[in-house]
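Here the structure is laid out as structure tokens; the discussion comes afterwards.
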Amino acid sequence: MILHYFLIPAAPVLSLIACAILLICLEIVTGEGKAKTLKLLVALLGPASSMLAVSVVSKTLSESTIEIVQSDFPAWLGEFLATYQLDSFTLVLFLAISFFTLLALVYSEAFLTDFSEKSEIFSLLLFVAAGMMVLVSANSLLMVFMGLELMSLPTYVLVGLRKNDIRASEAALKYFLYGSFATVLLVLAIAFLYGSFGTLHISQITALTRLQITSASSGSASLSLAASMALLAVALGFKIGLAPFHLWIPDTYQGAPTPITGFMGSAIKLAGFGLAFKVFCSMFNSVLSQHSDILGVLALVTMFVGNLAALRQSNLKRIFAYSSISHAGYLFLAIAAINPQNIQRGPLLYYLLVYGLMFLGTFGILSVIENNRGNLDLNRLNGLGFEKPLLSACLLLFILTAAGIPPTAGFLAKYFVFLEAASQGKMTWVVLGVMSSLIGVYYYLQIIAHLYMKAPLSAMAPIQVTHKAAWVGILASAAGVIYFAMRPGLFAF
Amino acid sequence: MMEKLTSMVYWTHFVSVALFGLGLLGFLIRRNALVVLMCLELMLNAVNLILVEIAMKTGTSEGIILVVFVITVAAAEVAVGLGIILNLYRIKKTVDLTSFRILSG
């Protein structure tokens with residue numbers, strides 16, 4: 001029974017943590033820089049076994065609705081089970097997290113060639129993935145806090161991996177300060193919620209907020225609710241990069257090692273939005289419609305700030321950092337425009353997966369260019385279209401997806417979000433969102449122009465994909481993006 | 001006894017708000033990375049105090065459990081933060097936040 005109720009639901013997280021700890025032990029036993037293949041295999045085993053565990057969990061979930069009979073349960077097990085919640089949305093997020101981690105591991109193996117202690121990077125990545133899973137499946141604010149910290153702390157280290165590079169350390173410091181401040185605000189928000197409801201369980205808080213709203217609550221209670229909601233919005237805004245709180249994103253994304261940036265932009269955003277969805281659509285479901293205008297303005301400001309600031313960048317990493325800010329705006333619009341009576345997870349999930357695959361694929365290609373040509377200024381792309389046709393075709397696909405040009409999955413993702421907003425009668429949001437995408441098209445097309453229409457700079461090293469594993473990652477992301485474009489109705493729940 | 005407890009709750013309330021305000025002020029205006037780190041810890045501890053106070057008022061134990069986790073995580077956070085700051089000091093020989101301005105634009 002313990003196997004059925006404890007080990008199986010926790011298996012996706014436990015397998016990641018087990019592999020991470022095993023990697024650390026292996027490093028101690030075999031010594032630094034030895035048994036590299038074995039360490040890589042153990043690292044890849046983490047997300048792979050996690051995916052396997054997700055399929056087992058989904059089978060047990062569909063077979064038996066877990067009826068908790070309190071009597072034949074040890075008390076700790078009941079308490080434990082109440083701290084997290086697995087449903088189809090969470091399981092899809094688990095799969096996505098495992099897949100993104102797998103790609104990030106492959107990229108780290110292929111591109112971070114200047115590190116001898118790879119297993120450190122691998123185990124840190126696995127810990128981050130475990131934290132993200134805890135975060136998206138948490139049903140208790142305590143677990144939210146633990147998951148967020150398990151996700152953030154190894155990421156600070158990963159950003160500052162290049163210890164002798166002042167830029168990487170500066171990026172790590174900025175990320176650390178902003179991230180820790182967000183943590184403080186999150187704990188404060190948790191304290192507010194705990195003070196008003198006397199519990200940390202999210203489902204209980206959901207029920208209590210609904211009760212409070214229906215029973216014409218007193219002013220101070222709704223004030224405290226609004227304060228905690230604002231604090232949570234700011235804390236989440238720091239983590240997922242919403243507009244007034246996005247300042248760290250370009251600097252951190254530029255300073256971090258390129259494969260790590262790809263991982264941060266895809267997986268951490270995914271987990272952050274998983275939490276944002278939980279907070280705004282589940283926990284504050286009953287008060288969402290009152291505050292949806294504020295959330296919508298936040299989303300619109302974010303997408304305009306991202307797209308306008310990207311226009312005057314010349315470094316590819318910064319361009320895609322600002323692009324990721326604008327995408328955070330669209331994703332947040334999907335949350336702001338949700339109908340509280342009939343929650344559609346489809347648009348958000350579809351956008352998250354398409355955007356994550358696009359971002360990871362792009363950063364795989366950027367890593368190839370950076371490793372061959374030293375830096376990522378826009379002109380490093382000149383003439384690449386004819387030198388490396390397949391690589392450039394993949395980059396073209398990712399850029400068209402990011403810009404939202406019609407046949408790609410990026411267009412469909414934006415279309416679903418706008419459709420959701422339109423069905424809620426928010427036509428202003430739709431018009432402004434489309435305008436912001438049109439601004440964005442300019443800088444995306446600029447990248448394509450450099451790729452295909454500019455003559456290559458003289459004395460530029462030819463591009464070589466030295467590590468064949470890189471191709472696996474890039475082509476897998478491209479295949480994923482194409483697959484999503486062909487299956488627009490994938491998430492109808 | 002009860003009267004004593006309520007007055008105590010009032011005072012912890014005051015102290016925690018003051019601590020949080022001090023921490024926030026320091027976080028926003030100080031330029032020394034170590035002091036900023038200390039201000040972050042101050043804010044976290046202020047929230048811890050609030051959590052303990054609420055747990056006392058409501059008679060539930062969840063808040064106190066959360067405090068234990070927050071303290072543990074804060075220790076880990078300081079370890080990471082000090083590592084980053086120490087590394088920057090090794091490269092630039094300063095911990096002044098205004099001197100870290102390479103990434104911008």
Side-chain angles (χ1 to χ4, degrees), chain A residues 140-143 145-146 148-150 152-157 159-160 162-177 179-181 183-201 247-248 250-255 309 312-315 317-318, chain B residues 13 16 20 23-24 27-28 33 36-37 39-55 57-70 72-74 76-92 95 97 99-105:
Chain A
S140 155
L141 292 171
L142 172 62
M143 294 297 263
F145 171 71
M146 289 308 289
L148 196 77
E149 286 303 282
L150 186 54
S152 302
L153 289 179
T155 320
Y156 303 144
V157 181
V159 170
R162 293 213 163 88
K163 273 179 284 194
N164 294 320
D165 182 2
I166 175 80
R167 278 138 58 99
S169 303
E170 188 185 319
L173 181 70
K174 283 182 176 165
Y175 188 30
F176 174 76
L177 290 180
S180 311
F181 188 58
T183 304
V184 171
L185 293 184
L186 181 90
V187 183
L188 189 62
I190 292 175
F192 268 59
L193 285 170
Y194 178 53
S196 9
F197 300 111
T199 175
L200 291 176
H201 283 295
L247 295 168
W248 60 273
D251 294 352
T252 304
Y253 280 18
Q254 190 187 2
R312 53 184 189 87
Q313 302 299 327
S314 61
N315 181 294
K317 261 168 133 177
R318 284 188 90 82
Chain B
H13 199 83
S16 53
F20 193 88
L24 188 61
F27 182 78
L28 294 177
V36 169
L37 188 65
C39 289
L40 275 171
E41 293 310 305
L42 202 60
M43 281 190 277
L44 268 183
N45 283 327
V47 180
N48 279 345
L49 207 55
I50 298 176
L51 281 168
V52 172
E53 176 199 342
I54 296 167
K57 249 195 242 169
T58 57
T60 49
S61 59
E62 281 165 308
I64 296 176
I65 297 171
L66 180 59
V67 166
V68 176
F69 279 94
V70 172
T72 318
V73 168
E77 207 168 277
V78 169
V80 172
L82 276 181
I84 292 169
I85 293 172
L86 205 64
N87 191 42
L88 274 170
Y89 180 75
R90 196 175 53 81
I91 300 173
K92 284 208 86 161
V95 288
L97 287 179
S99 62
F100 306 129
R101 294 217 161 145
I102 297 175
L103 300 163
S104 62

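Lettering of chains follows the sequences in order, A, B, ..., and the numbering in each one begins at 1. The structure displayed is predicted, hence computed values, not measured ones.
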Is [X] in contact with chain A via its backbone, its side chain, both, or neither, using a 4.5 Å heavy-atom distance?
X: B/R101; answer: backbone
X: B/V70; answer: both
X: B/L51; answer: both

Answer whether the closest heavy-atom distance between the side chains of [X] and [Y] falls below 4.5 Å.
X: A/V159; Y: B/I84; value: no
X: B/L97; Y: A/L173; value: yes
X: A/F181; Y: B/M43; value: yes
X: A/T183; Y: B/V73; value: no
X: A/L142; Y: B/E62; value: no

Report the option among A/S152, A/S180, A/G160 that has the most heavy-atom pairs separated by less than 4.5 Å from atoms of chain B.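 Looking at each option in turn, the highest pair count goes to A/S180.
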
To the nearest 0.5 angstrom, please state how far the CD1 atom of A/I166 sits from the OG atom of B/S99.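 These two atoms lie 7.5 Å from each other.
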
If you measure from CG on A/D251 to CZ on B/F100, what distance do you get to the nearest 0.5 Å?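 Output value for this atom pair is 13.5 Å.
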
Applying ring-ring contact (aromatic ring centres under 6.0 Å, His included), name anything that partners B/F20, two or more places apart in sequence or on another chain.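 Partners of B/F20 by the ring-ring contact (aromatic ring centres under 6.0 Å, His included) criterion come out as none, since no residue qualifies.
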
By ring-ring contact (aromatic ring centres under 6.0 Å, His included), which residues pair with A/Y156, not counting sequence neighbours?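 Testing A/Y156 for ring-ring contact (aromatic ring centres under 6.0 Å, His included), a comparison that skips the adjacent residues, returns A/Y175, A/F176.
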
If you compare all heavy atoms of [X] against all heavy atoms of [Y], which two are closest, and at what distance to 0.1 Å?
X: B/I91; Y: A/K163; result: CD1-O, 3.3 Å
X: A/V187; Y: B/V47; result: CG1-CG1, 3.3 Å
X: B/T60; Y: A/G198; result: CG2-O, 3.8 Å
X: A/S169; Y: B/N87; result: OG-ND2, 2.9 Å

Mind ranking B/A55, B/G23, B/A33 by heavy-atom pairs under 4.5 Å with chain A and telling me who comes out on top?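 Heavy-atom pairs under 4.5 Å are most numerous for B/A55.
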
Given the options B/L88, B/V80, B/L44, which has more heavy-atom pairs under 4.5 Å with chain A than any of the others?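 Highest number of heavy-atom pairs under 4.5 Å: B/L88.
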
Where do A/L141 and B/L66 land on the side chain to side chain contact (heavy atoms under 4.5 Å, CB included) test, with the steps shown first? CA-CA 9 Å; A/L141 292 171; B/L66 180 59; over 6 Å; no

Atom group of [X] that falls short of 4.5 Å from chain B, counting heavy atoms:
X: A/L247; result: neither
X: A/N315; result: neither
X: A/A171; result: both

Say whether, by atom type as modelled, one donor and one acceptor occur between the side chain of A/Y194 and the main chain of B/I54 under 3.5 angstrom.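 Judged by distance alone, no pair lies under 3.5 Å.
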
Measuring centre to centre across the rings, with the benzene-like ring taken for any Trp, is B/F69 within less than 6.0 Å of A/F145?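 Centroid separation for B/F69 and A/F145: 6.0 Å or greater.
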
